[in-house]
2 protein chains.
Amino acid sequence: MSAHPERAGKPEKEASIVENALRKSGFRWTNQRALIVREALATHAHFTAEELLDLCRKKDPKVSRATVYRTLSVLEDAGFVEGLETGDGGRRFEHVLGHEHHDHMVCLICEKILEFRDDELERRQELAAKRVGFNIERHSLHLYGTCKQCMQEQRKK
Amino acid sequence: MSAHPERAGKPEKEASIVENALRKSGFRWTNQRALIVREALATHAHFTAEELLDLCRKKDPKVSRATVYRTLSVLEDAGFVEGLETGDGGRRFEHVLGHEHHDHMVCLICEKILEFRDDELERRQELAAKRVGFNIERHSLHLYGTCKQCMQEQRKK
DNA sequence: GTAGGTGCAAACCTTTTGCAGCATG
DNA sequence: CATGCTGCAAAAGGTTTGCACCTAC
C-alpha cells in the first residue's frame, strides 16, 4: 500500500551506517537514538514527529517527545532525514538512506505524497543558481494538486 | 534596496481588483480588509503575518491579529496571496498581482529571498505530472543555500 | 434586519528549553 | 567519572477559535 515499497532496505545495516556516522561526529549512541533511528528507517511513509514518537512509544512507552525532536534534528543535520512541507503548514520527514533524491507531488485531497525525479529539472535548477552566483545546499520542489485517483473520483460526481 | 522594485504596480487599481473579486465571491468589503489588502499590495517584501499586522496597526492600531490571519487566508484561497516556506519552519507571504509566477532561492545566512523563473523548469514539471496523471494546482520550488554576497563574505574568512 | 466580520482572549499545536538525574564512552 | 543525553514540565512561537458585539449590504 506504500508508495515506496522499495524504500525499506536492510534496516539493521542502514541503522549501523547511521550509528557509525553519528559516533564519528562525536555523538553518543543511546538506546533511545537506536530506537528512533530504527523506527524512522523502518517507516516507508513520510512521517510527522508525533507519528514517529507514537511508533517509538509502542516499543518503549517512556521515550520523550523532546528526545524524538532532538534526534530528528541531529539526523536532519547529518543528512539522514529530510523535512518536507505538506502545503498546509504541516511538516513531515522522510529518511534519505537507500534511495535517490526525488521531488514530491502532494495530493491536496487524499494527502498522498508521490515521488518523482527528473534529471533535467535538477540541471536547470543548478543552471539558474549559477547564473546569479547562488550556491545550492538543498532544494525542495513540491507540486500541489490532485492525484490520478482523486481526479477520477471527482469526475464521477 | 528591495529585490523587487518592479513589484509595486498601481496599488489603488490592484486593490480594486481584489475588492471586486471578493465581492463577487460573496465576501463583504470592510475597512479592515481594505487596509490589510492595501498594506499587503504595497509591500515589496515577502512578509510574515506578524509583519503585516504591524504595518496595518501603524494605520489603525486596533486591527486584530485574528482579522489579519483570517484575511490572509481569504486572500490565499482567492489566489491573490501565496504562502512560502522559509526553510527554517517559518512562513512568509507575497502578493501575486502585477508580476509573473516565479520560484525562490532562499539564502540560509542572510535570509534574503531571490526570485527567478525558468520556463523550461515549468514545462518539465508539467510533463512529470502528466506522466502520472497528476493535476498541478500550484507548485513551490525553493533552492536553499548561500547567496552570492554571503559566499563572498565566507571566502574572506 | 441579518448574515458575515471583528476584536479579544483563550485555546491549540508543534517545537524548544531549563534543569536535575542518568548512562555512555 | 565527566560530559552528553534523557525525561519532564514549562515556555515559546505561530495560528485558530468561541463568543459577544458590530456593520455592510
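Letters A, B, ... mirror the listed sequences (proteins, then strands); counts begin at 1. In this text the structure is predicted, and so the values were computed from the model without any measurement.
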Nearest whole Å is fine: how far is D:dG14 C1' from B:F47 CZ? 16 Å

With sequence neighbours left out, what residues match A:E153 under side chain to side chain contact (heavy atoms under 4.5 Å, CB included)? A:K156

Let me know the distance between CG of A:L53 and P of D:dG7, rounded to the nearest Å. 10 Å

Tell me whether the OP1 or OP2 atom of C:dG7 has a side-chain N or O from B:Q32 closer than 4.0 Å. yes

Honestly curious: do B:I17 and B:I36 fall in one hydrophobic cluster under the side-chain, below-4.5 Å linking rule? yes

Nearest-Å distance for atom pair CG/P, residues A:D54 and C:dT14: 11 Å

Partners meeting salt bridge (Lys or Arg N to Asp or Glu O under 4.0 Å) with B:E82 (sequence neighbours left out): none

Are any of B:Y69's side-chain N or O atoms less than 4.0 Å away from OP1 or OP2 of D:dT15? yes

Heavy atoms under 4.0 Å is the rule here; annotate nucleotides 18-25 of chain C 5' to 3' with B where the base is hit, S where only the sugar-phosphate is, and - elsewhere. B----BBS

Could I get the full list of side chain to side chain contact (heavy atoms under 4.5 Å, CB included) partners for A:D54, not counting sequence neighbours? none

Are any of the side-chain heavy atoms of B:K148 and A:V132 separated by less than 4.5 Å? no

Among residues two or more places apart or on two chains, list those pairs meeting side-chain hydrogen bond (donor to acceptor under 3.5 Å, both in side chains) that have a residue in residues 128-138 of chain B. none

Let me know the distance between CG of B:D60 and P of D:dC22, rounded to the nearest Å. 16 Å

Scan the side chains in residues 71-81 of chain A for donor-acceptor partners under 3.5 Å anywhere in the protein, sequence neighbours excluded, and list what turns up.
from: A:T71; atom 1: OG1; to: A:T67; atom 2: O; distance (Å): 2.8
from: A:E76; atom 1: OE1; to: A:R91; atom 2: NH2; distance (Å): 3.2

Counting just side-chain N and O atoms, does B:R91 come under 4.0 Å of either OP1 or OP2 of D:dG14? no

Residues at least two apart in sequence or cross-chain that pass ring-ring contact (aromatic ring centres under 6.0 Å, His included) with B:H139, listed by chain then number, are B:H101

Calculate the interatomic distance between A:R65 atom CZ and D:dA10 atom P; express it in whole Å. 14 Å

Quickly work out the A:R33 CZ to D:dG7 C1' distance and round it to whole Å. 14 Å

Pairing pattern in dot-bracket form [Watson-Crick, G-U; both distances under 3.5 Å; | = partner strand] for DNA chain D: |||||||||||||||||||||||||

For atom CD of B:E85 and atom C1' of D:dT15, their distance in whole Å: 14 Å

Contacts of type side chain to side chain donor-acceptor pair (under 3.5 Å), residue B:E19, not counting sequence neighbours: B:R23, B:W29

Whole-Å gap separating C1' (C:dG5) and CG (B:L22): 13 Å

